[in-house]
Amino acid sequence: MSDSLLADAGTRLQAAMKYVSISEDAIERLKYPKFSLSVSIPVRMDDGSLKIFQGYRVRYDDTRGPGKGGVRYHPNVSLDEVQSLAFWMTFKCAVLNLPFGGAKGGITLNPKTLSKLELERLSRGYIDAIADFIGPDVDILAPDVYTNAMVMGWMMDQYSIINRHISPGVVTGKPLAMGGSVGRDGATAMGAFFAIEAILPKFGLMPPQTTVAVQGFGKVGAVLAELLAKAGYKVVAVSDSQGGIYARKGLDIPSIRQYKAASQGIKAVYCEGSVCNIVEHEVVTNQELLALDVDILIPAALENQITEENANNIKAKYIFEVANGPIASGADRILEAKDIWVFPDILINAGGVTVSYFEWVQNRSGLYWTLEEVNQRLKQKMVTETEQIWSISQELAIPMRTAAYVHALNRLGEALNAKGTRDYYVNGRVS
Ligand code: GLU
């Protein structure tokens with residue numbers, strides 16, 4: 001694999017190119033992010049000291065609409081990572097036919113080392129630094145790894161203060177009290193669930209016999225594990241960044257969620273005490289979880305979990321990418337040779353941004369939907385696009401990932417053609 005995450009992400013574009021009639025100029029343009037902003041954010045810490053944090057916002061492409069994408073708080077955040085995540089957002093929004101381009105942001109830090117007040121000052125400072133670069137019609141923020149509705153609320157408020165008017169449409173995933181949408185919290189997991197349920201019957205896989213391992217027990221992985229368990233699938237293994245647990249008979253997911261919430265620690269998936277004695281289990285490492293002999297493997301944590309090094313160990317027959325970029329391109333061929341079906345991130349985890357789109361629509365119209373309406377529209381979108389990508393994959397005899405990129409590129413190509421050629425020779429702000 002290339003050292004650059006973005007270069008690695010770009011190889012998937014290369015694979016899809018030969019199946020689309022989009023100009024080479026347009027493809028060339030799509031290999032590079034349109035705008036990348038790097039900022040330093042001064043934060044007054046609780047002890048009175050001043051600390052400077054590094055932040056980024058990248059608008060990868062805005063041919064199909066304003067930039068759209070989350071903000072990640074994580075120690076590994078780098079410009080390369082944020083550019084790759086913005087690249088994936090571009091294709092994700094096109095796959096779901098949302099009127100958005102792709103963007104992403106991030107701050108390099110371990111959020112668990114900051115107090116709540118420090119986090120608020122940092123989040124507001126980030127908006128101070130990037131305010132000229134974002135807006136409801138320019139680039140719209142959302143939660144990502146280790147950010148949540150509370151952080152989005154601070155960001156929306158700060159942007160509104162700077163602009164001297166309430167501007168809910170600049171951030172999605174906000175608290176309901178600030179114009180958030182019902183159903184946004186669990187939307188990524190719910191969207192993945194709808195896609196999984198549309199795909200599995202094609203392979204004759206039915207819930208009670210189908211075993212599942214989920215890597216990542218955060219706000220997406222844990223919710224999806226519970227949705228799958230409730231639907232009757234046998235969730236046999238879950239893990240978080242500290243490690244995981246495995247039980248052949250299946251795990252009691254709601255209890256593990258409760259246990260993890262109560263202990264507040266990210267390492268709480270480990271079982272101690274009454275809850276986990278309900279069923280016998282083994283402690284497994286994240287690597288062991290990835291290599292379990294299960295039907296379905298769901299990486300729902302971070303990028304680059306399955307690489308050339310460990311792809312050969314994978315025994316699952318179906319992988320659903322709930323994280324962004326969990327499989328490095330170097331692993332693609334190995335997994336293909338093992339006849340493993342990979343269902344790609346830009347489709348499977350698109351439920352979050354789809355409900356973000358619904359939130360943005362609700363903010364602009366001022367009319368708010370019920371949970372039933374949100375979920376029904378989400379299901380309709382997820383199932384429609386899943387079926388279309390499935391058809392492309394069958395017709396062209398190509399993997400689902402390539403089919404998803406073909407689907408997205410066709411839409412991007414149409415928009416690029418409609419727009420003319422100015423973007424190929426002028427680089428500047430959207431006029
Ligand atoms: N961070 C999420 C993603 O990677 C959601 C983005 C959004 O809602 O804009 O898809």
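Order of appearance sets the numbers: ligands from 1, and atoms from 1 within every ligand. All values below come from the heavy atoms of this structure, side chains included, with hydrogens, waters and symmetry mates left out.
Between Trp88 and Tyr405, the distance separating the two ring centers is not shorter than 6.0 angstrom.
With sequence neighbours left out, Tyr159 forms a ring pair (Phe, Tyr, Trp, His ring centres under 6.0 Å) with no residue at all.
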Would you be so kind as to tabulate the donor-acceptor pairs closer than 3.5 Å made by side chains of residues 175-184, with sequence neighbours excluded?
from, atom 1, to, atom 2, distance (Å)
Ser181, OG, Gln362, NE2, 3.0
Arg184, NE, Gly352, O, 3.2
Arg184, NE, Ser356, OG, 2.9
Arg184, NH2, Ser356, OG, 3.4

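Contact shell of ligand 1 (protein heavy atoms, cutoff 4.0 Å): Lys68, Gly69, Gly70, Met89, Lys92, Lys104, Ala142, Pro143, Asp144, Arg184, Asn324, Gly352, Val353, Ser356.
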### Message
Walk me through whether Ser123 and Tyr73 qualify under side-chain hydrogen bond (donor to acceptor under 3.5 Å, both in side chains).
### Response
CA-CA 10 Å; Ser123 305; Tyr73 288 181; 2.8 Å; yes
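Sorted by first and then second residue, the ring-ring contact (aromatic ring centres under 6.0 Å, His included) pairs involving residues 350-386 (not counting sequence neighbours) are Phe100-Tyr357, Phe100-Trp360, Phe358-Trp369.
At least one test fails for Arg72 against the ring of Tyr146: distance under 6.0 Å to the centre or angle within 45° of the axis.
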